[in-house]
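Shown next, in structure tokens, is the structure this report addresses.
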2 protein chains.
Amino acid sequence: MAVVTNFEPKRRKSTPLDDLTALVAEDLSAVNQIILDRMQSSVEMIPQLAGYLIAAGGKRLRPVLTLAAANLCGYQGEHHRLLAAVVEFIHSATLLHDDVVDESDLRRGMASANAVFGNKASVLVGDFLFSRAFEMMVEVQSLDVLRILSGASAIIAEGEVLQLRTTNDTETSEQAYLEVIKGKTAELFAAACRVGAVVANRPQAEEMALYDYGMNLGIAFQLVDDVLDYSALQAKLGKTVGDDFREGKITLPVVLAFRRGNDEERAFWRRVMEELDQKDGDLEHAQALMARHNALKDTVERARHYGSIARDSLGLFADGPIKQALLEVIDFVIDRDF
Amino acid sequence: MAVVTNFEPKRRKSTPLDDLTALVAEDLSAVNQIILDRMQSSVEMIPQLAGYLIAAGGKRLRPVLTLAAANLCGYQGEHHRLLAAVVEFIHSATLLHDDVVDESDLRRGMASANAVFGNKASVLVGDFLFSRAFEMMVEVQSLDVLRILSGASAIIAEGEVLQLRTTNDTETSEQAYLEVIKGKTAELFAAACRVGAVVANRPQAEEMALYDYGMNLGIAFQLVDDVLDYSALQAKLGKTVGDDFREGKITLPVVLAFRRGNDEERAFWRRVMEELDQKDGDLEHAQALMARHNALKDTVERARHYGSIARDSLGLFADGPIKQALLEVIDFVIDRDF
């Protein structure tokens, strides 16, 4: 395990994610170098655009999961670093394509890559990062890893396409919504964790335990993301407030509010989400309806359920600082306000 | 080799490509079945859109090359069929993204997939096909094949991004244009041929001979495609006439006409290709300038040069019907009028 020397005075509120990240700090620093090296290309727009997105940062949550999973499995090699970078490249490629598909102007509070470089470049640089991710995977020389990550990529794309179908459909069921977020978000969390066990040559049971941890953590993460899009604290998130609402994207808070609402309320949801006929005050009205029906609160409760499954999935592993941090990340993901 | 029994009376003009295809007919029929099977998904828009594009057909030139290359190398297994389907999936994914990037409404004379299903679905189903292609590759269990095809995919994406930079730049050099088409077109031809030797476990020299054949055939193919976009026979191609012109896409005919033109002509090219300020009669004027400077004729001559290299690259292989057909395809690609 990396020895973490921290000469700076500890910030007042270090989060569990900070703690987990600190435990893999040496590995993560190597991963950041790999990311920088591998996004190079003689076609200069590629490192420019990729650098804009990837350097913009974000929490590096997915690569940290890969590093932590490998560490939890006692892995001593270096392949987990390359795989962590692969996972971040796949994630970055899907972000680029998502922003094009969603016509987003902002990402993490900054102008999105498509807003700066154009949709065309975002589509193609996404393709490049995705292809480069596969090139890097091949270097690990594990057909299991390749099978898992190529399969995950296909499932992610299926989830994204499925989301196109549910967008604007207020009658989307909770089950259909779950299928979408399993694909578009949770599958990569799951694969990120699972490959940590695979490179460490651990038994199938540990591999699947980490898969389950990632899958359920990812579901909880996305549920809370969807709540935050309607929460008063959204401005802190650095995303434009009410993004999902304006796009008519059906998330669990809407599914619950719609199903629990009366005819008049359903007519409102149909007008704003299906016809996208939105006026001043509609977002606030939507938030009021969600409050009336406990839609946000119950979505967080659902997230807690998946969090519990994630927690139990780690039961097989011996206690230790990494396991402890992984467990604390679950609660953090659910209770974060950003 | 497959025995081809053809009970139908031979069509009056069977092309060399028809002849090559007939030599691998049994394999190709299996490839078509694999394509149909592997584009299935529980997300129904995926087979709908993929089926629209892939069933629409085209010549299946790239998978035929994989099959023919494997056959030329005496391969007896079945992996070449899966790889031929992989190559077609990668090709299809890039077509879907290209049409979004180029804002094309037509593809092979039919409404393009993005025109029918929308840009969002085209981006995401492209991602699905690409991921599925990698899943299929993994089944072949050859790290060499994975390395070659993932590397080719990254190079294709680089070529596409590079093209964004040259689009609308009338001062693009012939060399820069060549780099674009090597990436966006020829690299997949090259990889398609090369993997035929790799699955057959042939020596490096044969592998690279087939790579060179595909690379140079691909360059010649794209050069002639670019000529046809300005040729009178373009309507036959089933593409809208003058596509490249209207988009301000710089191809070799434009590079040559611009460099050989006088100041007034260069001002014309800048107006129509850089400012995209186009009036009735401008396409015809562009064609007249190309005729004046032999730009189309000399682009075909360049294609013939690459065709010659492709021809010589097959020198290592013993004569036989497949080799003969591959050689005849070179001339056909150059002299086709569709």
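Note: hydrogens, waters and symmetry copies are ignored here, and every other heavy atom, side chains too, is used. Each chain gets a letter, A, B and so on, in the order its sequence line appears, and its residues count up from 1.
Shown here for A:Phe128 and B:Ala154, the closest heavy-atom pair between the two residues is CD1-O, 3.6 Å. The minimum heavy-atom distance between A:Val138 and B:Ser150, with the atom names listed, is CG2-OG, 3.9 Å. Shortest non-hydrogen contact noted between B:Lys120 and A:Leu164 is CB-CD2, 3.7 Å. Contact detail for A:Glu135 and B:Gly151: the closest heavy-atom pair is OE2-CA, 3.3 Å. Between A:Ser42 and B:Glu158, the closest heavy-atom pair is N-OE2, 4.2 Å.
The environment of B:Gln40 atom CD is dense: over 12 non-hydrogen atoms of other residues, nucleotides or ligands sit within 6.0 angstrom.
Only the side chain of A:Arg165 has a heavy atom closer than 4.5 Å to any heavy atom of chain B. For B:Glu44, the part lying near chain A is the side chain, with the backbone staying farther off; criterion is any non-hydrogen pair under 4.5 Å.
Contact check for B:Asn119 versus A:Val101: no side-chain heavy atoms found under the 4.5 Å cut-off. The side-chain heavy atoms of B:Phe130 and A:Ser131, taken from C-beta on, include a pair separated by under 4.5 Å.
Between chain B and the options A:Met136, A:His97, A:Glu139, the largest number of non-hydrogen pairs under 4.5 Å is found for A:His97. For the set B:Val100, B:Val125, B:Val123, the entry with the most heavy-atom pairs within less than 4.5 Å of chain A is B:Val123. Between chain A and the options B:Leu162, B:Leu146, B:Val161, the largest number of non-hydrogen pairs under 4.5 Å is found for B:Val161. Between chain A and the residues B:Met45, B:Glu179, B:Met137, the most heavy-atom pairs under 4.5 angstrom are made by B:Met45.
To the nearest 0.5 Å, the span separating OG1 on B:Thr94 from CG on A:Leu124 amounts to 10.0 Å.
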